J.: 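For reference, the structure I am asking about is given below.
Everything numeric here is computed off the predicted structure, so don't read it as measured data. Chain letters run A, B, ... following the sequence lines, proteins first and then strands; every chain starts at 1.
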Number of protein chains: 2
Amino acid sequence: MEGTAKSLIEQTSESILNYIITNNLTTGDKLPNEYKLAEEVNVGRSTLREAVRALVSRNILEVRQGSGTYVSENTGIVDDPLGFSFVKDTLKLTEDLFEIRYLLEPRVAALAATNATDEQIEELDKIRLEIEERIGAFSDEHIEKDIEFHKLVSEMSGNVAMSNLVSIINQSISRYYDYYTSNRIKDETIVSHREIMDAIKSRDPILAEDVMRIHIVTNRRSLSQNKKNNLKKE
Amino acid sequence: MEGTAKSLIEQTSESILNYIITNNLTTGDKLPNEYKLAEEVNVGRSTLREAVRALVSRNILEVRQGSGTYVSENTGIVDDPLGFSFVKDTLKLTEDLFEIRYLLEPRVAALAATNATDEQIEELDKIRLEIEERIGAFSDEHIEKDIEFHKLVSEMSGNVAMSNLVSIINQSISRYYDYYTSNRIKDETIVSHREIMDAIKSRDPILAEDVMRIHIVTNRRSLSQNKKNNLKKE
C-alpha cells in the first residue's frame, strides 16, 4: 500500500502542531482556513488535507462542517491511547486497571483536598448530585458522570499529568467491564462520593486519601467476588 | 476542510481493527493485500487506503515499502498518547510525572519480585549491564536502556496495563527534562539498578519495593534541587 507520501504528511502534521503551540492556540480555537494554513506550513493543499486528517484521527483537530478546523476538546487524547484494545483478557485488564487506580487515586484525593479551588469544589458537588439523581432514575448514564467525578478530583490535585491518565483508566474500565451492576455497589458509590466530597471540602487530605482508598478497594473486592461467583457457575 | 468522508474512514478503521482482533493478528503480523483487505472490510480501495493511513498515524499499522502492511510494534501506542506536548510548563510536568512514578513503580517492583520468570530476570540483568557500560563510555544512549529497564520491570509485574504506562511516563520525562546530567545521579543509577535487580532475583518483594522507592525519591530530590539552584541563579 501507499507508503511514499507518509513522511511528508508526518512532517506536515508536526508543522501544524508547532503552529498550534507557537500561536498559543488551545482547546476550541479555530485554525486559519485551508489556503492560509497551507501557506503557513509551506505545503500544497492536498498534503495539508491529509495531515489534517491524520491529526483528526489522533483527536488533536476536529473539522466542523461549514465552519472550519478547530483544536479538539481533550486535545491529543486518542480513543485508546494505551493500546488496551489489544489485551484479550478484559477481566484481567480490568483488575490490573483497578490496581493502578488503587495506587494513584488515594493520593490524588489527598492532593485535591490541599489544592482545589472553591469553584472546583462547587463543581464537584454538582456532579455528585447529578450522579445521585441518575442512579435514582436507574439511568446508565451515571457512569459517564462517575468518570467525570474522578476526572475532576484529579484536576483538583494540581498534578498536570494526572487528570488525563485517571480519565483514560476509568473510561477503559467502564468500556471493558460492567462493575456497576449490583445495587450494593450503586449505594456504595453514593456514600463514598459524599465522603470524598466532604473530606475535600473540609480540606482534610488524610481523610480524603482514606475514603478514596475505601471506595476503590470496595469496588475492587466486588469485582473479585463477581469473578468467583462466575467461576462457580461454570 | 473536507469533513464528509470522516465517518466512513473511521468506520473502516474500526473494521480493520476488528479484523486484526478476530484473526488473532499480533505485533509484526502481515495484513492481507489491499485488494483482499478491501473485500474483507467491504469498502473501496481509496477508502481503505485512507483508513490504513489513519491507523498508521495512530501507530497501529505500519507500511513497509514493497512488502506490505503490518501490525506495528508497540501496537496502538501513539507518540504522545496522554497529550503531554500540550503542557507548557515542562518542569512542572516532569515533577508531576515523577509523582506518578513514585506512586506506581515501587509496587511494580514488588510484583515483579513475585511474578517474574527466570528468563525475564536474565534479560533484566543484561539490560542493567548495558546501562553500566554505556554510562562508563559516557554515552547518552544509556537513557534509552534505562527506560527499557523500567519497562521490563513493569512487564515482569504481570500487570498488563502497567508496562505501556510506565514506558510512556519514562519516555516523556526523558523528552522534557534532562535529569541525568550530574555524575552523582549516574552513580546512583548504577547502584539502584543493581539493588533492584538483586531484590527481584532473590524474590524479595518488600526489599524490591523499598529499593525502587529509594531510586525514584532520589531522582525526584535531585530534580527539585536542580530547580532550587536554577531559581537562585536567576
J.: Looking at side-chain heavy atoms only, is the closest gap between B/Glu50 and A/Glu50 below 4.5 Å?
T.: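 A side-chain contact is absent here, since even the closest heavy-atom pair is not under 4.5 Å.
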J.: Is any side-chain heavy atom of A/Leu103 closer than 4.5 Å to a side-chain heavy atom of B/Met162?
T.: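 The answer is yes; the side chains approach within 4.5 Å.
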J.: Are A/Ile100 and B/Leu104 side-chain neighbours, meaning at least one heavy-atom pair lies under 4.5 Å?
T.: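 Yes, their side chains come closer than 4.5 Å.
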J.: Calculate, to the nearest 0.5 Å, the distance between atoms OG and CG belonging to B/Ser157 and A/Asp96 respectively.
T.: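 Output value for this atom pair is 7.5 Å.
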J.: Anything in residues 205-214 of chain A with a heavy-atom distance to chain B below 4.5 Å? Please list those residues in order.
T.: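 If one takes a 4.5 Å heavy-atom cut-off, no residue of residues 205-214 of chain A lies near chain B.
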J.: What part of B/Leu111 is in contact with chain A, defined as an atom under 4.5 angstrom from a non-hydrogen atom: side chain, backbone, both or neither?
T.: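 Just the side chain, heavy atoms under 4.5 Å.
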